[in-house]
Protein chains: 2
Amino acid sequence: MKTQHELGTRERIVRTTAQLMQRQGYEATGLKQISQEARATLGSVYHFFPGGKRELAVEAVRHGAAEFAEFLRVAFEQEDDPAAAMIACTRTLAKDLRESGWLDGCPVTTTALESTGRAPEIQQAAEEAYESWRALVREKLARAGFAEDVARELAHTVINLLEGAELSAQVSQSETPLEIAGRHLAVLIDSHRGGATRPASG
Amino acid sequence: MKTQHELGTRERIVRTTAQLMQRQGYEATGLKQISQEARATLGSVYHFFPGGKRELAVEAVRHGAAEFAEFLRVAFEQEDDPAAAMIACTRTLAKDLRESGWLDGCPVTTTALESTGRAPEIQQAAEEAYESWRALVREKLARAGFAEDVARELAHTVINLLEGAELSAQVSQSETPLEIAGRHLAVLIDSHRGGATRPASG
DNA sequence: CTCTGGATAGAGCGATCGTTCTAATGCAGG
DNA sequence: CCTGCATTAGAACGATCGCTCTATCCAGAG
């Protein structure tokens with residue numbers, strides 16, 4: 001049985017890796033730094049992750065993917081209308097980003113970009129992350145009465161614009177790009193209501 | 001006067017750095033690799049760029065910014081209507097990305113993300129890159145009769161969605177995200193025509 | 001107690017990093 | 001020819017990289 005009064009060593013390593021790679025990227029994050037900040041030793045790191053840094057990065061991406069998926073779930077629960085949900089979503093995203101000192105952007109993107117064409121396992125983990133987020137948007141739209149193909153395409157653009165706007169907000173240290181993105185996503189969603197069954201008044 | 005029959009050493013170094021950082025990112029690109037592929041020596045690199053890797057990255061980002069700006073200019077020239085231009089733009093972007101073996105994504109983003117909060121000079125160069133691209137979109141929209149504030153906001157979303165869709169296309173090795181982005185940008189732009197002077201038939 | 005195996009601990013490996021340094025080279029102006 | 005300067009050349013530095021290795025610790029089974 002694992003110790004329960006505090007996080008297990010393995011979980012501590014994954015969380016630390018995820019946070020460090022979110023802020024610094026894959027290449028700039030060293031195993032020494034990870035083991036130190038996770039209060040573990042290099043021996044423990046290689047015990048739990050024999051695949052080394054690559055395997056660690058895959059786990060970190062999956063952790064970040066689950067984290068952001070939970071964020072989307074919560075945001076989508078609080079607003080019934082998808083368009084309104086987008087605005088709320090970008091607002092919270094902007095607030096969290098600002099409160100982190102503009103350091104915590106997308107937990108996946110930096111590592112993903114550094115890995116394209118060079119570390120297929122990490123790239124695939126990132127792909128699965130994006131797809132899981134798109135699935136959540138798709139379901140949200142489907143529940144609001146959007147046709148399946150319309151929802152699928154909108155889900156792509158919702159996630160992609162969230163990505164781009166968060167990146168832009170982080171680089172410019174401004175909430176503006178996310179705020180604009182929220183409103184434009186609402187407009188885009190509303191302009192596709194035509195082919196869908198009309199949602200109820202809520 | 002510089003030698004003209006072939007590129008000068010400085011220019012060769014900048015172009016090589018830009019290409020390598022576009023594909024591998026900032027941290028994974030070593031000065032040894034740069035000097036080798038640019039057919040220069042370490043001495044030359046530090047002669048032209050006393051600031052070392054940081055200064056080199058700033059120049060590389062500026063080079064990439066100018067490159068993509070030129071791409072946008074050409075794309076916008078070929079289509080009079082902004083909405084149609086977006087579709088043409090994403091199509092060409094997708095083709096180029098695919099033909100590079102999904103290796104050449106945005107020439108700025110990877111380096112920018114690796115630098116946030118740790119290398120302000122690079123981050124600022126990236127900011128200026130994005131702003132210059134937004135300016136081109138803004139002008140394109142203004143020329144089509146869009147109001148200034150509407151054009152400014154649309155420019156944000158156009159660039160941000162292009163960024164996000166290109167990232168997504170690269171990670172998933174598929175042209176689909178860009179193709180969808182083009183159509184959705186066209187819809188978004190058209191849905192904002194209301195407050196603008198009606199463009200001519202072309 | 002002994003035995004066992006997961007977990008921890010950290011010294012140390014070769015390689016590579018960004019950077020600095022000195023010396024040589026090419027070439028224009030006198 | 002010589003001088004002067006921009007450029008080229010690459011050896012070498014200390015630091016850090018990912019990773020391997022051996023030794024130790026410790027809880028539970030017998």
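The figures here come from the full heavy-atom set of this structure, side chains too, leaving out hydrogens, waters and symmetry mates. These figures come from a predicted structure and were not determined experimentally.
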Charged N-O contact under 4.0 Å between B:E77 and B:R73 | no

For this output row, return yes or no: ring centroids of A:H192 and B:H184 closer than 6.0 angstrom.
-> yes

Summary of protein contacts for nucleotides 8-13 of chain C, nucleotide by nucleotide, where a base hit scores B, a sugar-phosphate-only hit scores S (4.0 Å, heavy atoms) = BBB-B-

Short question: side chain of B:S191, backbone of B:L188 - any donor-acceptor pair under 3.5 Å?
-> yes

Taking the side chain from A:W133 and the backbone from A:A65, do they hold a donor-acceptor pair closer than 3.5 Å?
-> yes

Starting from [atom2] on [N], measure out to [atom1] on [X] and report it in whole angstrom.
X: A:R54; N: D:dC19; atom1: CZ; atom2: C1'; answer: 14 Å
X: A:F49; N: C:dA7; atom1: CZ; atom2: P; answer: 11 Å
X: B:Q33; N: C:dC17; atom1: CD; atom2: P; answer: 8 Å
X: B:K53; N: C:dG18; atom1: NZ; atom2: P; answer: 4 Å
X: B:Q36; N: C:dC17; atom1: CD; atom2: C1'; answer: 14 Å
X: B:L56; N: C:dT19; atom1: CG; atom2: C1'; answer: 13 Å

Within residues 14-28 of chain B, the residues having a heavy atom closer than 4.0 Å to DNA chain C are none

Which of residues 113-121 of chain A sit near DNA chain C, with a heavy atom under 4.0 Å from it?
-> none

Between B:T29 and B:Q24, do the side chains contain an N or O donor and an N or O acceptor separated by less than 3.5 Å?
-> yes

With sequence neighbours excluded, what pairs up with A:R118 under the salt bridge (Lys or Arg N to Asp or Glu O under 4.0 Å) test?
-> A:E27

Per side-chain contact (heavy atoms from CB on, under 4.5 Å), B:L154 is matched among B:D149, B:L141, B:V137 by B:L141

Please determine which of A:K140, A:M86, A:R134 meets the side-chain contact (heavy atoms from CB on, under 4.5 Å) test together with A:V158.
-> A:M86

Which residue pairs pass the side chain to side chain donor-acceptor pair (under 3.5 Å) test with at least one member in residues 87-100 of chain A, sequence neighbours excluded?
-> A:R98-A:E175

With sequence neighbours left out, what residues match A:R62 under side chain to side chain donor-acceptor pair (under 3.5 Å)?
-> A:E59

What nucleic acid atoms does A:S35 come within less than 4.0 Å of, heavy atoms only: base, sugar-phosphate, or nothing?
-> nothing

Look at the aromatic rings of B:F68 and B:F71 and report parallel, tilted or perpendicular, splitting at 30° and 60°.
-> parallel

